[in-house]
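Notes follow once the structure below has been shown.
Along the sequence shown, residues are numbered consecutively beginning with 1.
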Amino acid sequence: MSFYLAVVSPLDSPLFELSFSSAKPPPGSSAASSTSSFPSWSTFTAANGSDLGADGPGAKVGGTLGLLSGESKTGPERDRAMCQMIAHKSLDSVEEMMESTGSLYLKNIDRHNEWLVSAYIATNVKFILLHDMKNDDGIRLFFLDVWESYVKILLNPFHTVNTPIRNPAFESKIRASAKRNL
């Protein structure tokens, strides 16, 4: 099971991003054949039916996806870019759900291939989590821990609000919470 967390400012700029895997094995899991813990992106096809995920020799990642002609990305970079795209694409769904409900925790608000998107709205900051399995209670507890850690960062007099978080203690708390709840 893999996860991607994005903390997004009120201006929709990323404040913190983290990709991680769960320590808990998925139910009914077998040995994974992929070297990456993230879902495969080879299922993307162009409008003409050609495969955009082919990683053969000389293949360009992205094809007609709008990447610069000389730009190529390796597997982990491509996974990170895809997670960023999915998280930011889901912000519209988050804002629609936020207006219609009064809830802080928005579970499974969007879906993109193998990824489910859940969100937690606190003040104007959005916590977006991409995950590949449903675990509503664990995700809710994880979001509460992330919110608590975020508030502690905001109380730091040396941190400027709405700037990227580059605190190793914050990252370690997020990883510990993920290990405990996800």
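Side chains of Trp115 and Asp110 form no contact here, defined as non-hydrogen atoms less than 4.5 Å apart. Between Phe142 and Leu129 the shortest side-chain heavy-atom distance falls below 4.5 Å. Put simply, the side chain of Leu104 does not reach to within 4.5 Å of the side chain of Trp147, judged on heavy atoms. Considering only heavy atoms from C-beta on, Lys134 comes within 4.5 Å of Leu116 through its side chain. A heavy-atom distance below 4.5 Å is found between the side chains of Arg175 and Leu18. When side chains are defined from C-beta on, Ser118 counts as touching His131, because their heavy atoms get closer than 4.5 Å.
Contact detail for Asn181 and Asn135: the closest heavy-atom pair is O-ND2, 3.4 Å.
For Asp136, there are no side chain to side chain donor-acceptor pair (under 3.5 Å) partners, not counting sequence neighbours.
Of the N and O atoms on the side chains of Asp145 and Ser177, at least one donor lies less than 3.5 Å from an acceptor on the other residue.
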Checking side-chain contact (heavy atoms from CB on, under 4.5 Å) for the pair Glu148/Leu144: CA distance, chi angles, key distance, verdict? CA-CA 6 Å; Glu148 180 182 341; Leu144 291 175; over 6 Å; no
Please determine whether salt bridge (charged side-chain N to carboxylate O under 4.0 Å, His left out) holds for the pair Glu17 and Arg80, giving the CA-CA distance in whole Å, both sets of side-chain angles, and the decisive distance to 0.1 Å. CA-CA 9 Å; Glu17 299 175 282; Arg80 182 173 176 263; 3.3 Å; yes
Go through it in stages, so that I can follow the logic: the residues are Val94 and Ile109, the test is side-chain contact (heavy atoms from CB on, under 4.5 Å), and I'd like the CA-CA distance, side-chain angles, deciding distance and then a yes or no. CA-CA 7 Å; Val94 169; Ile109 56 164; 2.9 Å; yes
Ile139 and Tyr105: side-chain contact (heavy atoms from CB on, under 4.5 Å), yes or no, with the steps? CA-CA 9 Å; Ile139 291 172; Tyr105 171 52; 3.6 Å; yes
Evaluate the criterion side-chain contact (heavy atoms from CB on, under 4.5 Å) for residue pair Val8 and Ile128; output intermediate values, then yes/no. CA-CA 8 Å; Val8 183; Ile128 309 291; 4.2 Å; yes
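Between the side chain of Ser13 and the backbone N or O of Ser9, no donor-acceptor pair lies under 3.5 Å. Judged purely by atom type and a 3.5 angstrom limit, Ser149 has no side-chain atom pairing as donor or acceptor with the backbone of Lys173. At distances below 3.5 Å, at least one donor-acceptor pair connects side-chain atoms of Ser90 with backbone N or O atoms of Ala87.
For Lys89, the NZ atom counts as densely surrounded, since its 6.0 Å shell holds more than 12 non-hydrogen atoms of other residues, nucleotides or ligands.
A salt bridge links Lys126 with Glu95: the closest approach of a Lys/Arg side-chain nitrogen to an acidic carboxylate oxygen falls below 4.0 angstrom.
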Give the table of side-chain donor-acceptor pairs shorter than 3.5 Å for residues 153-166, with sequence neighbours excluded, one pair per line with atom names and distance.
{"from": "Asn156", "atom 1": "OD1", "to": "Phe158", "atom 2": "N", "distance (Å)": "2.9"}
{"from": "Thr163", "atom 1": "OG1", "to": "Thr160", "atom 2": "O", "distance (Å)": "2.5"}

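Ring geometry for Phe127 versus Phe143: interplanar angle of 30 to 60°, hence tilted. Using cut-offs of 30° and 60° on the angle between ring planes, the pair Tyr150 and Phe170 is perpendicular.
With rounding to the nearest 0.5 angstrom, the NZ atom of Lys179 is 12.5 Å from the OG atom of Ser21. The line from CD of Glu114 to CD1 of Ile86 is 8.5 Å long, rounded to the nearest 0.5 Å. Between the CD atom in Glu171 and the CG atom in Leu5 there is a gap of 10.5 Å [rounded to 0.5 Å].
Between Phe20 and Phe3, the gap from one ring centroid to the other is short of 6.0 Å.
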